[in-house]
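This report concerns only the one structure given below.
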Amino acid sequence: MTEESASLNFIEQLVADDLAAGFPSEKLRFRFPPEPNGYLHIGHAASICLNFGLGEQHQAPVNLRFDDTNPAKEEQEYVDAIKRDIQWLGFQWANELYSSDYFQQLYDWALQLIKEGKAYVDEQSAEVMAAQKGTPTTPGVAGPHRDRTVQENLDLFERMKAGEFEQGSYVLRAKIDMASPNMLMRDPILYRIVKKAHHRTGTDWVIYPMYDWTHGESDYIEQISHSLCTLEFKPHRELYDWFLDQIIDPTLLRPRQREFARRNLSYTVMSKRKLLQLVESKTVTGWDDPRMPTISGLRRRGYTPESIRHFSDLSGISKRDSVTDVSLLEYCIREDLNKTATRVMAVLDPVKLVITNYPAGKTEILEAENNPEDPNSGTHELPFSGELYIEREDFKEEGGNKFFRLSLGNEVRLKSAYIIKGESVVKDTNGTILEIHCTADLDSKSGSGTEASTRKVKGTLHWVSIPHAIKAEVREYDRLFLEEAPDSHEDKNFMEFVNPDSLKVINEAYLEPFLKEASVGDKFQFQRLGYFTVDKDSTADKLVFNKTVGLRDSWAKQNPAPAPTPQASQPKPTNQGGGQDQGQRSALNEIQKIAKKYTNLSGDKLEAARTDIARLAEEVSYEELEPLFQTAAKKVGTRIGAMITLGVLLNKGQARNAEIEAFIAAGLADEDAQLVEEAKVVSSGLPK
RNA sequence: UGGCUGAUGGUGUAACUGGCAACACGUCUGAUUUUGGUUCAGAAGAGUCCAGGUUCGAGCCCUGGUCGGCCAACCA
């Protein structure tokens, strides 16, 4: 994406600043460092687009480095999936690297640390060490092995490496500062013993380096100029720098870590641990289930790389926690597919339509536009007959004048075909409609050029010719969670919010025969319904389609479905995940907020504001209010709010005192008419 | 009783060294339309968490608060 964005995000700005300060652009180098313990998700896309985007902007190399220091969790399958996803997004890495490539170097540096008295072997239990570490508010204390001799440390570490000790029995720790306010500096672990084969180094090693010891040094080895990571690593920066200080050659480039906020999406979860739980609990069918926010899931759902990159672009990069609304993602895929997807017709919930004046047994081939947005997209053949399926919800016996579809006595256009008029219905004993009978204006054929063919009718319906239709399975998806931020509730597990109806399977949908040759990944717009893509579960004799996203539907908005899905959520009760909402703001705080703009209001809004303040004032105590009496004279709104609140308190029996009298007096003497009025009300002691 | 960090319409981001708070999504009108899609025209919605200060002028600077996030894995 080479959008010459008017303003750079703060990371891009930082790189630009470095360049401006004299950093040589040929030394710019970035990296994307996933741990191969799960699939990439839409949150990772932010980091991928950031790093690779920076690489593209500055013609700088971007390495793909697998952070594979924990054989207990990492697997080759994930390595393969990650590479596939990055390439699919359209990025090319300069080098495919692995932290495990650096195990020997890391080991050598560890030896150096030991010799310099900066690392020691500890064999206490994890619990004991944790206890010695203290808490964020209390300093830690030294363990009994902290001052072992270099010789002893060397010997023990050597034996750890040789496999003499059991898994978990010994660790190597850096000797930094057990009293540091930063917990990470309290003698962090460098190496632990893990007796499990590594996906690349096999059984060569039984000691594995920890993240902190590995990451910065790997950046240094690769001469990464800007090491970008998410906010939760901010406290690690001090350690990152400490480790670098121990081994750095000042003639080489020193990597710098910078942090940005991770991206959350509404109505889903975004941590590999939680996604793994969805997979393992069989809540979804796998990492690439179309309901998953993984890159693989989105791809299978029908998203395009362009749409995801555009989404990343629009979402931006910042330093605050946020939850991006899925509607932005949906906008991005609609925008892309609108321009590129071939238009076809499919009926998902069929009802039979018979055209009584169309010759029995006759068939004709019509011409259907492939994409009205693209004049060069051409047309395809579309068979028509006297017996069709239309969507059940496209017919009502009595439509009313806001119903632009088929009803008795009314005309609609059959897309790319004829104008028809509803005549009668055939029902079963339960009243269910079995057939709709109608007549066609046989002169109105689409594109025929006749006067009748250009007549305007109020609606257009999609349809499929029964004798020509092919059957297919269609899978419709809804959001996976019912809550906007499912993992932000302290008292509830995110699994409690799983949407039980996130998948709806239509076993027999009817499609126009043009679709017969569609292959996996092909994308179509089923006219008036949405965008659909061919799923990999399709077989030679049965197509399976995934619904990517529906078309925008202003009709549905006016007609709330009988069982509404949690679509466009109106009220937002809580929003802890975003860190946006200020939680339960105090009543006084609320008053201040309203009062601040009080003088800008008039009419109904002014009345409403006054009422709100008076209502909120019921919950305010005098002790809370008094400080507001000091409000600067020019902040009239706040003083009016305080005055109204004071009036409520006085009516509730608050005794007058010197401060109150002074505040009222000041109000009466003010030049703002509204304030004077409120002050008069209060001073008279009568409620307004 | 700690350290780090953040706060701008419903949502996500902008606002170069202080200078009329902008863009996108979403929402609502209207027009066009053989998709209740697209496109086009327009509207509503924040005075920038609160208070004090500096300044001719503060979302940006200073002080003090409030509220949120992260930090005590032999995970990354």
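We name chains A, B, ... by the order of the sequence lines, and we start the count at 1 in each one. Owing to the predicted nature of the structure, the values given are computational and were not obtained by experimental measurement.
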> Is the Y331(A) to F311(A) ring centre distance short of 6.0 Å?
Replying inline: no
> With a 4.0 Å cut-off on heavy atoms, is P372(A) in touch with a base, just the backbone sugar-phosphate, or nothing at all?
Replying inline: base
> How far, in whole Å, is G68(B) from A73(B) if one measures between their P atoms?
Replying inline: 24 Å
> Got a second to check how far W213(A)'s CH2 is from I189(A)'s CD1, nearest 0.5 Å?
Replying inline: 14.5 Å
>> Just the rounded figure in Å: distance from C1' of A73(B) to CD1 of I193(A).
In response: 17 Å
Quick one: which protein N/O atoms are closer than 3.5 Å to N/O atoms of nucleotides 2-4 of chain B? Pair and distance per line, please.
residue : atom : partner : partner atom : Å
G2(B)   : N3   : P136(A) : O            : 2.8

> What is the nucleic acid contact for R413(A), judged by heavy atoms within less than 4.0 Å: base, sugar-phosphate only, or nothing?
Replying inline: base
>> With a 6.0 Å cut-off on the ring centroids, do F233(A) and H215(A) count as close?
In response: no
> Between F404(A) (CZ) and U33(B) (C1'), how many Å, whole number?
Replying inline: 12 Å
> At under 4.0 Å between heavy atoms, what does G447(A) touch on the DNA or RNA strands: base, sugar-phosphate, or nothing?
Replying inline: base
> Whole-Å distance between U5(B) P and F260(A) CZ?
Replying inline: 18 Å
> Within the structure shown, what part of the strands sits under 4.0 Å from K456(A) by heavy-atom distance: base, sugar-phosphate, or nothing?
Replying inline: sugar-phosphate
> Out of G12(B), U35(B), G26(B), which has the shortest distance to the side chain of T460(A)?
Replying inline: U35(B)
>> From C-beta outward on A126(A), which listed nucleotide comes closest to its side chain: C74(B), C25(B), G37(B)?
In response: C74(B)
>> Please name the nucleotide paired to C23(B) by Watson-Crick or G-U wobble geometry with both distances under 3.5 Å, or report none.
In response: G12(B)
>> With a 4.0 Å limit, can you tell me whether R528(A) has a side-chain N or O closer than that to the phosphate oxygens OP1/OP2 of G36(B)?
In response: yes
>> Under 4.0 Å, counting only non-hydrogen atoms across every strand here, what does T135(A) touch: a base, just sugar-phosphate, or nothing?
In response: base
> In whole angstroms, how far is the P atom of A72(B) from the CD atom of E127(A)?
Replying inline: 16 Å
>> Taking any heavy-atom pair under 4.0 Å as a contact, classify F403(A): base, sugar-phosphate, or nothing.
In response: base
> Do K161(A)'s NZ or CZ and the ring of W205(A) fall within the cation-pi criteria of under 6.0 Å and 45°?
Replying inline: yes
> Taking the six-membered ring for Trp, are the ring centroids of F532(A) and F524(A) within less than 6.0 Å of each other?
Replying inline: no
>> Heavy atoms only, 4.0 Å cut-off, all strands: where does F233(A) land among base, sugar-phosphate and nothing?
In response: base
>> If I pick the P atom on C67(B) and the same atom on A72(B), what distance separates them, to the nearest angstrom?
In response: 23 Å
> Mind checking the P distance from U5(B) to U63(B)? Whole angstroms is fine.
Replying inline: 14 Å
> Out of A14(B), G36(B), A76(B), which nucleotide sits closest to the side chain of E35(A)?
Replying inline: A76(B)
> R192(A) side chain: which of U5(B), A76(B), A73(B) is closest?
Replying inline: A76(B)
> For the side chain of E330(A) and the base of G26(B), is some donor closer than 3.5 Å to an acceptor across the two?
Replying inline: no
>> I'd like to know if R405(A) reaches the base of G36(B) with its side chain, counting only an N/O donor and acceptor under 3.5 Å.
In response: yes
> If you look at every strand shown and take non-hydrogen atoms under 4.0 Å, does M210(A) touch a base, only sugar-phosphate, or nothing?
Replying inline: sugar-phosphate
> Under 4.0 Å: is that the gap between some side-chain N or O of T638(A) and OP1 or OP2 of A51(B)?
Replying inline: yes
> Taking atom types as they are modelled, is there a donor-acceptor pair under 3.5 Å from the base of A76(B) to the side chain of H236(A)?
Replying inline: yes
>> Any N or O donor-acceptor pair under 3.5 Å from the base of U34(B) to the side chain of E369(A)?
In response: no
> Touch check for I317(A), heavy atoms < 4.0 angstrom, all strands: base, sugar-phosphate only, or nothing?
Replying inline: sugar-phosphate
> Distance between the P atoms of U48(B) and A21(B), in whole angstroms?
Replying inline: 11 Å
> How would you label the contact of Q124(A) with the nucleic acid (heavy atoms, under 4.0 Å): base, sugar-phosphate, or nothing?
Replying inline: base
> Within the structure, does a side-chain N or O atom of Y211(A) lie under 4.0 Å from either OP1 or OP2 of C75(B)?
Replying inline: no
>> Distance check needed: C40(B) P versus N338(A) CG, whole Å only.
In response: 11 Å
>> Would you measure the distance from the C1' atom in U17(B) across to the matching atom in U13(B) and give it in whole Å?
In response: 22 Å
> If we require ring centres under 5.5 Å and near-parallel planes under 30°, does Y331(A) stack on G26(B)?
Replying inline: no
> When rounded to the nearest 0.5 angstrom, what is the spacing between CG in L275(A) and CE in M270(A)?
Replying inline: 8.0 Å
>> Rounding to an integer number of angstrom, what distance separates C75(B) and C60(B) when you compare their C1' atoms?
In response: 39 Å
> Quick one: is T69(A) getting a side-chain N or O under 4.0 Å of the A76(B) phosphate, OP1 or OP2?
Replying inline: yes
> Under 4.0 Å between a side-chain N/O of K557(A) and OP1 or OP2 of C28(B), yes or no?
Replying inline: yes
> Contact class for K458(A) vs. all strands (heavy atom < 4.0 Å): base, sugar-phosphate, or nothing?
Replying inline: nothing
> Looking only at side-chain N and O atoms, does K133(A) come under 4.0 Å of OP1 or OP2 in A72(B)?
Replying inline: no
>> Would you measure the distance from the P atom in C40(B) across to the matching atom in G45(B) and give it in whole Å?
In response: 24 Å
>> Would you measure the distance from the P atom in A15(B) across to the matching atom in A22(B) and give it in whole Å?
In response: 14 Å
> L551(A) near the nucleic acid: base, sugar-phosphate alone, or nothing, with a heavy-atom cut-off under 4.0 Å?
Replying inline: base
>> Would the base of U35(B) count as contacting R343(A) through its side chain, where contact means a donor and an acceptor less than 3.5 Å apart?
In response: yes
>> From CH2 of W213(A) over to P of A73(B), roughly how many Å is that when rounded to an integer?
In response: 22 Å
> Does S446(A) put a side-chain nitrogen or oxygen below 4.0 Å from OP1 or OP2 of U34(B)?
Replying inline: no
